[in-house]
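Right, one structure below, let's go through it.
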Amino acid sequence: MGQLSRVPKSEVQFSHNQWPSRVAQAAVSRRGDARESSTGTNAFSTTSQAPTASTPIVAGTFILASAIVGALASVWSQRRSDRYIHDLAMVATSGRQSAAVVQDKSKKAQTKFDLQPPKGTRDFYPEDMRLQSWLFGHFRRVAAEFGFEEYDAPVLENEDLYIRKAGEEVSQQLYNFEDKGGRRVALRPEMTPSLARMVLAKRKQLPGVLKWYSLPQCWRYERMTRGRRREHYQWNMDIWGVEGVEAEGEALAAMVKVMSDMGLTSQDVGIKINSRKILTELMAAVGIPEEKFAPTCVLVDKLEKVPLDALSKDMEELGLAKETVASLLEAIQGATVESFEARLGADSPGVMDIKQIFAMAESYGYQDWLVFDASVVRGLAYYTGTVFEGFDRTGELRAICGGGRYDKLLETLGGEPMPAVGFGFGDAVIVELLKVKGLLPDTTTSNVQVVVFPMNGDLRGKALEVASALRNEGLRVDMVLETGKKTKWAFKYADRLAANCLVLLAPDEVERGEVVVKNLKVGEQSVVPISAVAGAVKVAIAGSG
Ligand code: HAM
């Protein structure tokens, strides 16, 4: 009722003559609501002219006018379909400003829309979609090369899937709300919890080892920086059911493969790698109690961003002794796998994992990409072992991709543990990097190969046959749909699309059962029988490179 009372006068003064009675009557009765309502603010106050309860004469005039409109409308309504009535009623009650703008002739009164998408989100115009398709094409192809299968889940999940007590940033950045049924829901900030939910739900029916990938859009209410936005797409690759670091080896290989396929090298990108097992052992060795492990990890994660003094202070504020902090930082900074081996012993599980991954990297051929870094902890609480993060070697961009082992996530959802490892690879930072390196493809032109142009309306039927024949051969064909265009226009049009060929249907040629095939890349032109057009176009495309 509150919403109805906000409908302004301009909504009921349909200037065009298609005013259905049911809407008019609803609007007239709404006037009464408006007069009674003291709280409803007019969402369209800029469209003004609405009568108010404090001006009885104006209000009376308005009611009279509304009644006349309603009476006229009931006549008109005989001819209106229910569907149309419904649509208009939706417009009249939904509070859409567009309706107010359309109906109010006064320029001054028009409400301006914000044409930008919500802050931190993006529109994808065709040119942007071409780039996205190119990127996703790389992701999908590499996933297939590594034997991964695609899955998906809803973008909306139950909020409690993300409520973890570790105080992670991601839980604080949730886009969460209550739905109309009173349920707490959230837009997914990442895919891993949904994946865990899906695995747990069908655990018994699923094979022992899963290699799954997805390309979800994720939502985080982030502070925006270069390459960080409030929505992003994230290529996720996960392997479930493998206890050993063979799974890490394969995940890292896929990560490197996609980047090298895009033209990046180990001089552009490195992958920092560490194991939380090493940190657990190290913290135990310097005397940090188990309950302080998680908050200490959060601080260790800031080692590169926060000055050492400030970091030490923060650690002391956690209740760690000055000497403990000093020994921890001394052990981490500049540490190598060897220094940890010396400190923790050759049989340290974390050290053994890392050594094995480096050995596998030699066989895979990506050892140059890997950098052991004891300060890499990662911000998500569920990682239990290896953690890794792709970074740009100039240090200008934020993490390109990241992941790790999370053997206990199913337990947190009430299931039996199942080993798992995987990574997320965002679409934003990589594009920034490829831009800097000049490795982005040209996405300024369309994918159209052939434009079919009938010179007049009589030739359209034949042109449709030609277009169908070309499409049946798998060619990407744009049919000129406007009639009465000049040939010069058609050439310009095809040029703008960067098509390879223009197939022109001219009266004399069609009369003889022929069409003109113009190779737009090399400028050659030939007249070919309609039955041979597909072959001729294919030859032209092949020859035009
Ligand atoms: P994450 O480190 O939070 O991990 O995100 C993975 C990647 O997603 C980042 O390295 C970055 O490329 C991209 N990303 C994250 N947030 C944003 C943002 N606000 N804007 C643009 N890109 C962003 C996870 O999400 C884990 N669930 C990954 C994973 C999968 N671990 C195991 N399996």
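Whatever order the structure lists ligands and atoms in, that order sets their numbers, starting from 1.
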Atom pairs and distances, ligand 1 N/O vs protein N/O under 3.5 Å:
from     : atom 1 : to   : atom 2 : distance (Å)
ligand 1 : 2 (O)  : R378 : NH1    : 3.2
ligand 1 : 2 (O)  : R378 : NH2    : 2.8
ligand 1 : 3 (O)  : R220 : NH1    : 3.0
ligand 1 : 3 (O)  : R220 : NH2    : 3.0
ligand 1 : 4 (O)  : R378 : NH2    : 3.2
ligand 1 : 5 (O)  : Q234 : NE2    : 3.3
ligand 1 : 8 (O)  : Q234 : NE2    : 3.0
ligand 1 : 10 (O) : C401 : N      : 3.4
ligand 1 : 12 (O) : I400 : O      : 2.7
ligand 1 : 12 (O) : G426 : N      : 3.0
ligand 1 : 14 (N) : H232 : NE2    : 3.3
ligand 1 : 16 (N) : R220 : NH1    : 3.2
ligand 1 : 19 (N) : E222 : OE2    : 2.9
ligand 1 : 19 (N) : R229 : O      : 2.8
ligand 1 : 20 (N) : R229 : N      : 3.0
ligand 1 : 25 (O) : R220 : NH2    : 3.0
ligand 1 : 25 (O) : Q234 : NE2    : 3.3
ligand 1 : 27 (N) : E190 : OE1    : 2.5
ligand 1 : 27 (N) : T192 : OG1    : 2.7
ligand 1 : 27 (N) : Y382 : OH     : 2.9
ligand 1 : 31 (N) : Y383 : OH     : 2.7
ligand 1 : 33 (N) : D238 : OD1    : 2.7
ligand 1 : 33 (N) : F423 : N      : 3.4

Taking all heavy atoms of Y364 and all of G249, pick out the closest pair and write down the distance. CE1-O, 3.5 Å

Going through the distances and angles, do F423 and W235 end up as a ring-ring contact (aromatic ring centres under 6.0 Å, His included)? CA-CA 8 Å; F423 65 83; W235 179 41; 5.4 Å; yes

Answer yes if the ring centres of F136 and Y233 are under 6.0 angstrom apart, and no otherwise. yes

Would you say E246 has more than 12 foreign heavy atoms packed within less than 6.0 Å of its CD? yes

Validate the cation-pi geometry between K272 and F391: distance from NZ or CZ to the six-membered ring centre under 6.0 Å, angle to the ring axis within 45°. yes

Nearest 0.5 Å, please: how far is CG in D392 from NZ in K437? 6.5 Å

